Amino acid sequence: MLTKLSRHLSGVRRPARYTGGEVGAVIKDKHDIDLRVAFCFPDTYEIGMSCLGLRILYDLINRQPGIWCERAFAPWDDMRQVLIRTKTPLYALESGDGLCGFDVLAFTLQYEMSYTNVLSMLDLAGIPLRADNRGERHPIVIAGGPCTFNPEPLADFIDLFVIGEGEEVIIELLGCIRTWKKSGDSKAALLTDVCRIPGVYVPSLYNVSYGKDGLITEITPLHGTPETVDKRIIKDFDSVCVPERPIVPNIEIVHDRAALELFRGCIRGCRFCQAGFTSRPVREKSPQTLCRQAKSVIENSGCSEIGLVSLSTSDYTYLRPLCDSILEWCEPMRVSLSLPSLRADSFSKELLNKVQKVRKSGLTFAPEAGTPRMRDVINKNLTEKDLMDALQTAFLGGWNGVKLYFMIGLPTETDEDVREIGELCNRVYYMWRQSRQDKGRSVRISSGASCFVPKPHTPFQWEPMDSVQALRRKAGLVKDTVRKQITFRWHDPLTSYIEAVFARGDRRLGKVLEQAYRLGCRMDGWSEFFSSERWMEAFRLEGLDPDFYALRRRDFDEILPWAHISCGVSREYLQNECRRAYAAQPTPDCRSECSGCGLGSNGRCLNVTP
């Protein structure tokens with residue numbers, strides 16, 4: 001395949017995206033393989049190769065004898081045109097073989113705006129888009145990742161979804177597919193069999209009924225399938241596979257560093273954050289395991305930076321001794337340590353010194369809201385004093401640049417709350433002027449605002465999104481308030497609007513998604529490709545109103561499209577948290593006090609570290 005395309009690659013942007021051959025890529029003898037898997041990332045190579053989940057599952061699957069996992073990414077438009085012009089099917093990087101010849105295509109769904117890329121990759125591979133149009137000889141198309149906590153908008157296109165963490169269930173699932181392939185049974189028999197694996201959801205085995213008002217009246221499991229699909233979690237996080245000999249990309253990627261997960265889950269309970277609820281409970285990895293894995297990854301990858309990642313890195317119980325242990329050998333090797341996802345209330349001079357031991361990385365904090373009331377509404381549990389103390393520590397420590405992230409369009413938000421985002425940024429600037437010691441030194445304060453998008457399995461899943469017009473007006477209020485020395489950027493509300501439609505959508509959106517793809521929608525997460533006009537035309541042609549999904553407040557007793565998918569957090573708890581939000585009542589973090597989210601057993605909260 002690559003030989004056929006070689007003379008065309010010089011004319012495309014970043015041809016190394018499509019050549020493979022990286023150090024660390026796994027090549028196996030096809031004669032020893034009885035199951036071939038293509039891990040499909042529906043975005044560019046640079047984004048996909050930054051995904052830790054891809055690296056983990058690629059390594060894990062390839063450790064299994066007789067199974068070969070390869071990689072495929074969504075091509076940029078120039079390469080897409082080359083594939084179409086030369087009649088070349090989309091192929092896997094390791095072998096160059098077309099995806100249509102694989103047994104399993106495994107998509108990861110990280111972001112709703114990648115959905116059209118899933119269809120594009122299937123189409124470029126010569127595979128029918130809809131699951132019911134695919135025959136016995138076509139690959140089994142599966143999907144996992146954060147977006148599968150509401151899999152319904154893709155129900156028409158995916159044979160089965162993996163809900164939750166994939167390390168254990170993917171091996172069980174591939175073993176079942178392997179046995180089925182040898183048996184010669186029908187695909188229908190396979191789907192009926194695998195739906196009994198905990199964490200596996202087969203949408204074709206569930207019937208969804210709707211009333212005249214467009215609301216769901218019933219979700220009915222068929223053929224004895226479970227009424228609720230519970231997410232899979234890894235109980236022993238120390239046992240999780242880590243690619244200690246990772247693939248070394250041939251080009252710079254978005255997060256060009258070695259990454260290690262400190263823990264999964266989150267104790268905080270920010271009411272807008274889907275990951276904070278769907279990834280519960282907290283499971284930490286031991287510092288001994290992390291030190292060993294860190295050294296191995298650096299030695300085998302050549303990376304000059306190692307990032308300790310999690311939803312809230314500073315909540316790791318052993319963070320300071322772990323940093324000390326890693327820096328003992330990182331510092332002589334000139335390998336820097338980065339700690340993303342730090343909370344301002346956990347930031348200290350001691351931690352600052354560790355971060356800048358080798359080289360300074362950027363400092364980012366996310367106050368999320370401008371007023372104490374709004375931070376109580378979203379349960380951020382962060383005071384302005386916490387933020388200012390952290391920033392003063394950074395400025396006195398020699399930092400002269402900081403990024404601040406906020407959200408606009410949050411429930412109960414007023415114009416005064418929005419203006420206070422700008423005023424808070426201004427107060428940060430004034431504080432820098434007072435704390436600077438070198439009077440000739442300038443400062444770089446940048447702030448960004450994303451649009452609130454209500455997500456499934458959060459206390460705000462019933463809330464409406466603000467209209468595009470309202471969000472633009474609110475962004476203007478912030479822009480008019482911040483000083484000219486502060487850079488302010490905001491996320492495109494139109495993109496967020498479509499994201500909200502698919503985040504809370506049902507399976508009727510499948511026909512809109514296919515129509516949008518046929519109209520030319522793809523790479524929708526990129527501003528140069530996104531077209532709201534095409535999306536609105538797709539909704540018009542299919543007779544569906546996007547406002548019904550994005551801008552409508554939902555009653556607590558409404559059957560939600562994802563009601564049969566469980567992340568373990570109870571519906572009653574989420575409703576109570578929604579009520580507390582309207583009363584601006586914060587909820588303590590899980591280590592301080594168990595709030596009864598539903599994940600406890602025997603009266604003990606599983607999020608509490610022993």
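Quantities reported herein were computed from a predicted structural model and do not represent experimental measurements.
- Between W432 and F395, the ring planes lie perpendicular to each other; the angle is over 60°, past the 30° to 60° tilted range.
- Within a 6.0 Å sphere centred on CD of E227, other residues, nucleotides and ligands contribute 12 heavy atoms or fewer.
- Put simply, the side chain of S310 never gets that close to the backbone of L262: no donor and acceptor are under 3.5 Å apart.
- Between E558 and R504 no salt bridge is recorded (no basic side-chain N to carboxylate O distance below 4.0 Å).
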| task | Output, in order, the C-alpha distance, side-chain angles, deciding distance and verdict of side chain to side chain contact (heavy atoms under 4.5 Å, CB included) for L319 and S346. | result | CA-CA 11 Å; L319 182 59; S346 304; over 6 Å; no

| request: Test T278 against K455 for side chain to side chain contact (heavy atoms under 4.5 Å, CB included), laying out the working first. | output: CA-CA 11 Å; T278 58; K455 292 292 178 108; over 6 Å; no

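- Between R271 and E463 the shortest side-chain heavy-atom distance does not fall below 4.5 Å.
- A donor-acceptor pair under 3.5 Å is absent between the side-chain atoms of K231 and the main chain of G568, judged by distance alone.
- Going from atom CD1 of I56 over to atom SG of C241 covers 7.0 Å, rounded to the nearest 0.5 Å.
- For the pair R55 (side chain) and A259 (backbone), a donor-acceptor distance under 3.5 Å is absent.
- In this structure, the side chain of R280 engages the main chain of G276 through a donor-acceptor pair within 3.5 Å.
- Residues S532 and I498 have side chains not in contact (no heavy-atom distance under 4.5 Å, counting atoms from C-beta outward).
- Screening L290, T289, L322 against L260 for a side chain to side chain contact (heavy atoms under 4.5 Å, CB included) leaves a single residue, L290.
- Listed for the T313 side chain is no donor-acceptor partner under 3.5 Å among the backbone atoms of V309.
- The shortest non-hydrogen separation linking E416 to T371 is O-CG2, 4.5 Å.
- The shortest side-chain heavy-atom distance between V428 and M388 falls under the 4.5 Å cut-off.
- Formation of a donor-acceptor pair under 3.5 Å by the N150 side chain with backbone atoms of G505 is found in this model.
- Aromatic ring centres of Y115 and F157: separated by at least 6.0 Å.
- Panel note: side chain N381, backbone P586; no donor-acceptor pair is recorded below 3.5 Å.
- Looking at F161, F149, Y206 one by one, the single match for ring-ring contact (aromatic ring centres under 6.0 Å, His included) with H564 turns out to be Y206.
- Ring geometry for H457 against W562 counts as tilted: the plane angle lies between 30° and 60°, on a 0 to 90° scale.
- Closest approach of C195 and T225 over heavy atoms only: SG-CG2, 3.3 Å.
- We find that R427 and E420 are joined by a salt bridge, their nearest charged nitrogen and carboxylate oxygen being less than 4.0 Å apart.
- When all heavy atoms are compared, the tightest approach of L599 to C567 is CD2-O, 4.5 Å.
- The side-chain tip of K479 does not point at the ring of F488 from less than 6.0 angstrom away and within 45° of straight on.
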| Step-by-step side chain to side chain donor-acceptor pair (under 3.5 Å) determination, Y573 to S595 | CA-CA 8 Å; Y573 173 79; S595 55; 3.2 Å; yes

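- You'll find the side chain of R268 stays beyond 4.5 Å of the side chain of N379, heavy atoms only.
- D43 and S114 form no side-chain donor-acceptor contact under 3.5 Å, judged by distance and modelled atom types alone.
- C578 contributes atom SG, which lies 6.0 Å from atom OH of Y582 (distance to the nearest 0.5 angstrom).
- Between T412 and R373, some side-chain heavy-atom pair lies under the 4.5 Å cut-off.
- For the pair I408 and K474, the tightest heavy-atom approach, listed with the atom from each and the gap, is CD1-CB, 4.4 Å.
- A distance of 11.5 Å separates CD of E499 from CG of D524, quoted to the nearest 0.5 Å.
- When all heavy atoms are compared, the tightest approach of L509 to V501 is CD1-O, 3.5 Å.
- Proximity of D315 to F263: side-chain heavy atoms (C-beta onward) are separated by under 4.5 Å at one or more points.
- One distance of note links CZ of R507 with CG of L154; it measures 11.5 Å at 0.5 Å rounding.
- Checked against P459 for a side chain to side chain contact (heavy atoms under 4.5 Å, CB included), the options R579, E577, R580 give a single hit: E577.
- The minimum heavy-atom distance linking V377 with F460 is given by the pair O-CZ, 3.9 Å.
- Between the side chain of T148 and the main chain of G144, no donor-acceptor pair closer than 3.5 Å is present.
- To the nearest 0.5 Å, the span separating OG on S566 from CZ on R571 amounts to 12.0 Å.
- For D386 (side chain) and D345 (main-chain N/O), no donor-acceptor pair under 3.5 Å exists by modelled atom type.
- D589 and R591 are not joined by a salt bridge, as no carboxylate oxygen comes within less than 4.0 angstrom of a charged side-chain nitrogen.
- Using a 4.5 Å heavy-atom cutoff, the side chains of R483 and I445 are not in contact.
- Salt bridge present: D415 and R473 bring a charged side-chain N and a carboxylate O closer than 4.0 Å.
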| task | Any chance you could lay out the side chain to side chain contact (heavy atoms under 4.5 Å, CB included) test for M113 and F530, step after step, and finish with the verdict? | result | CA-CA 9 Å; M113 300 310 292; F530 177 75; 3.8 Å; yes

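- Checking side-chain atoms of N207 against main-chain N and O of L222 turns up no donor-acceptor pair under 3.5 Å.
- Taking the six-membered ring for Trp and thresholds of 30 and 60 degrees, F556 and W462 have ring planes more than 60 degrees apart, a perpendicular arrangement.
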| query | Where do Q434 and Q392 land on the side chain to side chain contact (heavy atoms under 4.5 Å, CB included) test, with the steps shown first? | reply | CA-CA 9 Å; Q434 292 172 352; Q392 186 172 51; over 6 Å; no

| side chain to side chain donor-acceptor pair (under 3.5 Å) evaluation trace for Y497 with D547 | CA-CA 9 Å; Y497 174 71; D547 288 358; 2.4 Å; yes

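- We find that R283 and E261 are not joined by a salt bridge, their nearest charged nitrogen and carboxylate oxygen being 4.0 Å or further apart.
- In this structure, the separation between CE on M374 and CZ on F406 is 12.5 Å, given to the nearest 0.5 Å.
- Between F539 and W535, the two ring planes are tilted [angle within 30° to 60°].
- Counting only heavy atoms from C-beta outward, the side chains of P281 and I233 approach each other to under 4.5 Å.
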